[in-house]
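Here is the structure we will look at, set down as structure tokens.
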Amino acid sequence: MNRAVRLPHTDRFFEARFESIGGLGAHAAGQVLATAAVLNLGLNGAHFSSYGSEKKGSLVRSFVRLGPGEQPIRTSTPVEAPDAVIVFHAVLLGNPGTFAGMRKDGVFIYNAQAGTIPAELAALPKTVRVVRVDALGIAVEENSRPNAVLLGTLCSQFPFLDAEVILAALCAEFAGKHPEAVAHNERAFRRGATEFEAIENVGRAEGDLPIAKPEPEWGYETQPAGGLLPAPGNMAWNDLSASRTGWLPVLHGDKCIHCGVCDLVCPDMCLVWGDGKEGGKFERELMGVDYRYCKGCLRCIESCPTGALTKDAETPGLADRLRVRLFPELIS
Ligand code: SF4
Ligand code: SF4
């Protein structure tokens with residue numbers, strides 16, 4: 001059913017930018033939103049993403065641009081001055097590019113547990129509406145993904161995004177390949193639409209934020225000699241510290257028999273081997289996990305014969321505390 005809806009502004013497109021890390025579902029969220037808007041809300045829309053490898057935890061940006069049905073959208077540039085920014089992981093608040101171009105009358109949604117308000121949010125315009133939702137926590141409880149929760153929260157902030165229409169598109173996305181996920185996603189979406197928290201008085205900036213175009217840390221003029229990369233990843237910004245699922249494997253050394261089965265199944269070679277404590281009983285012993293490379297797939301846990309690896313919810317700082325470095329000589 002097509003029907004005309006009223007966009008928030010008549011003189012420009014509505015633009016949303018999903019800020020994420022590979023694996024959290026930002027691309028799919030943008031796709032669902034744009035598809036529903038075009039097919040079921042009578043709007044014109046465009047969607048595309050920029051991203052790298054999921055297992056490297058690369059920065060992912062997904063862009064959605066919506067306009068009236070009678071107005072073609074001829075631009076396909078990234079969204080630089082968003083009406084809505086949706087942040088899939090609180091670690092991304094450390095990247096100034098997350099805030100770039102934020103409009104003063106926009107909505108800034110970020111995924112984080114209740115608690116201290118990050119100091120970085122002071123960079124936002126004073127008049128922006130800031131919304132926090134524990135998307136990862138809800139997703140874990142509902143056996144869903146953060147993208148379903150965040151879509152629900154986004155719809156709650158913009159009445160023209162009819163929540164039932166967007167939810168129907170989300171369900172349709174999964175009905176074919178993963179019908180078992182439909183009910184989980186629906187619950188996650190509905191909780192996202194209601195279980196958010198508006199945070200007052202955090203932004204300090206006046207007016208719209210300036211547009212920023214990120215520069216790579218290294219280019220052909222600044223690249224260290226010999227092609228050496230002293231930090232993993234060569235993106236403009238690349239924080240690999242966050243799990244992509246909300247779960248982390250935790251090693252309990254007293255139960256480990258150093259059989260190496262976990263290492264056989266790990267797709268990203270995150271498990272760190274060494275000489276063991278006090279010389280070790282074995283030639284090589286499992287020392288721990290380098291979470292910088294771990295995407296939280298939990299295959300290692302499923303395959304461990306002794307229960308030496310357990311699944312723990314990713315809480316702030318846990319990965320930093322437990323991390324064993326695979327390459328201690330690297331700077332990050
Ligand atoms: S599979 Fe389990 S017991 Fe074997 S090395 Fe890995 S953690 Fe240790
Ligand atoms: S969860 Fe386990 S198997 Fe998966 S990437 Fe992390 S260490 Fe490797």
Side-chain angles (χ1 to χ4, degrees), residues 20-28 51-60 88-92 111 135-137 139-147 178 181 184 229 231-235 238-330 332:
S20 187
I21 293 170
L24 291 177
H27 176 76
Y51 50 91
S53 151
E54 172 192 337
K55 73 178 180 180
K56 294 297 182 197
S58 304
L59 183 65
V60 171
F88 276 56
H89 202 296
V91 77
L92 295 163
N111 169 21
L136 209 51
V140 166
E141 285 173 17
E142 299 298 347
N143 197 14
S144 176
R145 304 285 306 282
N147 57 1
H178 303 287
H184 298 290
L229 292 179
N234 59 357
M235 307 275 294
N238 194 358
D239 188 316
L240 308 173
S241 61
S243 162
R244 266 64 93 201
T245 58
W247 298 105
L248 293 177
V250 172
L251 175 65
H252 304 278
D254 54 330
K255 293 187 183 164
C256 179
I257 57 173
H258 310 288
C259 63
V261 173
C262 51
D263 211 3
L264 289 176
V265 299
C266 176
D268 292 326
M269 296 189 287
C270 317
L271 297 150
V272 185
W273 296 82
D275 294 334
K277 290 178 188 144
E278 296 159 8
K281 191 170 159 192
F282 299 93
E283 186 74 14
R284 303 292 283 166
E285 296 195 359
L286 183 60
M287 309 298 289
V289 182
D290 192 338
Y291 297 102
R292 198 164 176 85
Y293 306 99
C294 171
K295 63 182 181 180
C297 70
L298 307 183
R299 289 180 203 175
C300 52
I301 293 173
E302 288 160 15
S303 64
C304 175
T306 66
L309 286 164
T310 56
K311 160 178 150 176
D312 277 31
E314 186 201 14
T315 49
L318 179 66
D320 288 340
R321 281 200 303 281
L322 298 182
R323 178 184 180 201
V324 177
R325 287 171 175 265
L326 194 54
F327 302 110
E329 64 277 13
L330 297 179
S332 57

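Counting convention: from 1, in listed order, for ligands and their atoms alike. Count residues from 1 along the sequence. Keep in mind it's a predicted model, so treat the numbers as computed, not measured.
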Any non-hydrogen atom of G307 lying under 4.0 Å from ligand 1?
no
How many angstroms lie between CG in L92 and CG in L24, if you round to the nearest 0.5 Å?
8.5 Å
Between CG of L136 and OG of S144, what distance do you get to the nearest 0.5 Å?
10.5 Å
Which protein non-hydrogen atom lies closest to atom 6 (Fe) of ligand 2, naming both residue and atom, and how far is it?
C294 SG, 2.4 Å
Taking side chain as C-beta onward, heavy atoms only, is D275 less than 4.5 Å from R284?
yes
Would you list the protein N, O or S atoms within less than 2.8 Å of atom 6 (Fe) of ligand 1, leaving out water?
C262 SG
Check: V289 and L248 side chains under 4.5 Å, non-hydrogen atoms:
no
Using the salt bridge (Lys or Arg N to Asp or Glu O under 4.0 Å) criterion, which residues pair with E302? Sequence neighbours excluded.
none
Kindly determine whether I21 and F88 satisfy side chain to side chain contact (heavy atoms under 4.5 Å, CB included), including the steps that lead there.
CA-CA 7 Å; I21 293 170; F88 276 56; over 6 Å; no
Table please: side-chain donor-acceptor pairs of residues 252-262 below 3.5 Å, with sequence neighbours left out.
{"residue": "H252", "atom": "NE2", "partner": "T310", "partner atom": "OG1", "Å": "2.6"}
{"residue": "H258", "atom": "ND1", "partner": "L286", "partner atom": "N", "Å": "2.9"}

Non-hydrogen atom of L298 closer than 4.0 Å to ligand 2:
yes
What pairs with D263 under salt bridge (Lys or Arg N to Asp or Glu O under 4.0 Å), at least two apart in sequence or on another chain?
none
Shortest protein contact, atom 4 (Fe) of ligand 2 (heavy atom only):
C297 SG, 2.3 Å
Within ligand 2, which atoms have a heavy atom of C270 less than 4.0 Å away?
5 (S), 7 (S), 8 (Fe)
Should the proximity of C266 to ligand 2, defined as any heavy atom under 4.0 Å, be assigned to the side chain, the backbone, both, or neither?
both
Between D290 and R323, which heavy-atom pair has the shortest distance, and what is it?
OD1-NE, 2.7 Å
